[in-house]
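In what follows, chains are A, B, ... by sequence order, proteins preceding strands, each numbered from 1.
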Number of protein chains: 2
Amino acid sequence: MDKTTQIYKALSEEIRLRIVMLLTHGELCVCDLMEIFGETQSKISRHLAYLKHSGFVKSRRAGTWMHYSLKEPLDSLIEAHIAFMKEQFSELPIIQEDVRRMEEVKSSKLCEKSDAKSLRTTKGFNKTREGK
Amino acid sequence: MDKTTQIYKALSEEIRLRIVMLLTHGELCVCDLMEIFGETQSKISRHLAYLKHSGFVKSRRAGTWMHYSLKEPLDSLIEAHIAFMKEQFSELPIIQEDVRRMEEVKSSKLCEKSDAKSLRTTKGFNKTREGK
DNA sequence: TGTATATATTTGTATATACGAATATATGGA
DNA sequence: TCCATATATTCGTATATACAAATATATACA
């Protein structure tokens, strides 16, 4: 039952549960999550590593950015948990607020729209990043 | 989300998850659980206290025995978790083996069949208990 | 190659909670 | 009241994992 209890441990820290909920909407990079939650890079990164070890997420490097998304294919038990979470938590104010901030962040940042290489060679890139 | 994460914490320890699964079949006393799991009284009691604090179970005293069962009414989120667990875990060998041992223990012990007072005044009671 | 950026990991520390062993409490019966 | 039984709690300790701060790593670009 190690796998089973590891899933529960992974979801027993609030920020990890909220990250998983956000990732059901699609891929996010570390910098997005830092901004959405107002947390330090170290904290976000640690929890993503935990979720990765637990089988929830995969990462994709694009230039210097790391993009995280739900692993594919998901272990079927994890998939069932995520379906359960969507049913149970989607309507919670704190989760809806996270989604709202996610949309805000995604519309004001470029790192989600294409990969680092093309961004960095785009005129005006640094200007865009200054907003942080 | 404290309630939410507390539920995940409660289920993230294997023995607690297995106790909850057994209690879906009905009330059990501490001594039954000790025998089913082959664990010490202290360990069983501590985990039951944790489950009680987390809102999963209630206890009923009958003489010197404490009987535990799923709380009623259950918090609706906990109820949903338990329904999920039944779906996902009922067929696992370890869970089925727990149920088998539970049936064995319940058929060979009396403390489940009536309360302590009547048992203690029943002839042959101590003999029955010696089997332990 | 050297610098800057994004992310990951390490370090030192704090907290939650696990454990076994011992002790305390509550009940029932002599 | 005193003892036995069932259970709960405490004590001392070990482990997992949280945190912030610091440092390391990987990549991009000059």
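- The base of C/dA18 has none of its N or O atoms less than 3.5 Å from a complementary donor or acceptor on the side chain of B/Glu13.
- At its two ends the helix from C/dT1-D/dA30 to C/dA30-D/dT1 runs along axes set 0° apart, each axis drawn from five pairs and the angle rounded to 10°.
- Ranking D/dA20, D/dT7, C/dA8 by closeness to the A/Val30 side chain, first place goes to C/dA8.
- Remark: B/Ser45 is in phosphate contact with D/dA8, judged by side-chain N or O atoms under 4.0 Å from OP1 or OP2.
- No hydrogens or angles were tested; on distance alone, a donor-acceptor pair under 3.5 Å links the side chain of B/Ser42 to the base of C/dA21.
- Rounded to an integer number of Å, the gap from CD1 of A/Ile19 to P of D/dA18 is 11 Å.
- Distance CD1 (B/Ile15) to P (C/dT17): 17 Å, rounded to an integer number of Å.
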Margin query: Pair A/Ser59, A/Lys52 - check side-chain hydrogen bond (donor to acceptor under 3.5 Å, both in side chains), show working.
Written below: CA-CA 8 Å; A/Ser59 56; A/Lys52 196 170 183 179; 2.6 Å; yes

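- With a 6.0 Å radius and a threshold of 12 heavy atoms from other residues, nucleotides or ligands, B/Lys71 has its NZ atom at or below the threshold.
- When distances run from any side-chain atom of A/Tyr68 to the nucleotides C/dT5, C/dT7, D/dA8, the shortest one goes to C/dT7.
- In this structure, NZ of B/Lys52 is placed 10 Å from C1' of D/dA8, rounded to the nearest angstrom.
- Going from atom CD of A/Glu39 over to atom C1' of C/dT7 covers 16 Å, rounded to whole Å.
- Put simply, CG on A/Leu11 is 16 Å from C1' on D/dT17, counting in whole angstrom units.
- Under the 3.5 Å distance criterion, the side-chain polar atoms of A/Ser54 are left unmatched by any main-chain donor or acceptor of A/Leu51.
- When rounded to the nearest whole Å, the span between NZ of B/Lys9 and C1' of C/dT15 equals 11 Å.
- In this structure, the side chains of A/Arg100 and A/Glu97 come closer than 4.5 Å at one or more pairs of heavy atoms.
- Atom NE2 of A/His47 is separated from atom P of D/dA16 by 18 Å (rounded to the nearest Å).
- Between A/Arg60 atom CZ and C/dA8 atom P the separation is 13 Å, expressed in whole Å.
- Relative ring orientation between B/Phe89 and B/Phe84 is described as perpendicular, the plane-to-plane angle rising above 60° on a 0-90° scale split at 30° and 60°.
- A cation-pi arrangement is absent between B/Arg18 and B/Phe37, since the terminal nitrogen or guanidinium carbon is not both under 6.0 Å from the aromatic centre and inside a 45° cone about the axis.
- Partner of B/Tyr68 under the side chain to side chain contact (heavy atoms under 4.5 Å, CB included) criterion, out of B/Leu22, B/Ile19, B/Leu28, B/Val30: B/Val30 alone.
- When heavy atoms are screened at a 4.0 angstrom cut-off, B/Arg46 is found touching base atoms of the nucleic acid.
- For A/Tyr50, taking side-chain heavy atoms from C-beta onward, the closest of the listed nucleotides D/dT7, D/dT17, D/dT5 is D/dT17.
- When the nearest nucleotides of DNA chain D are assigned to A/Gln41 and A/Gln6 by heavy-atom distance, the more 5′-ward of the two goes with A/Gln6.
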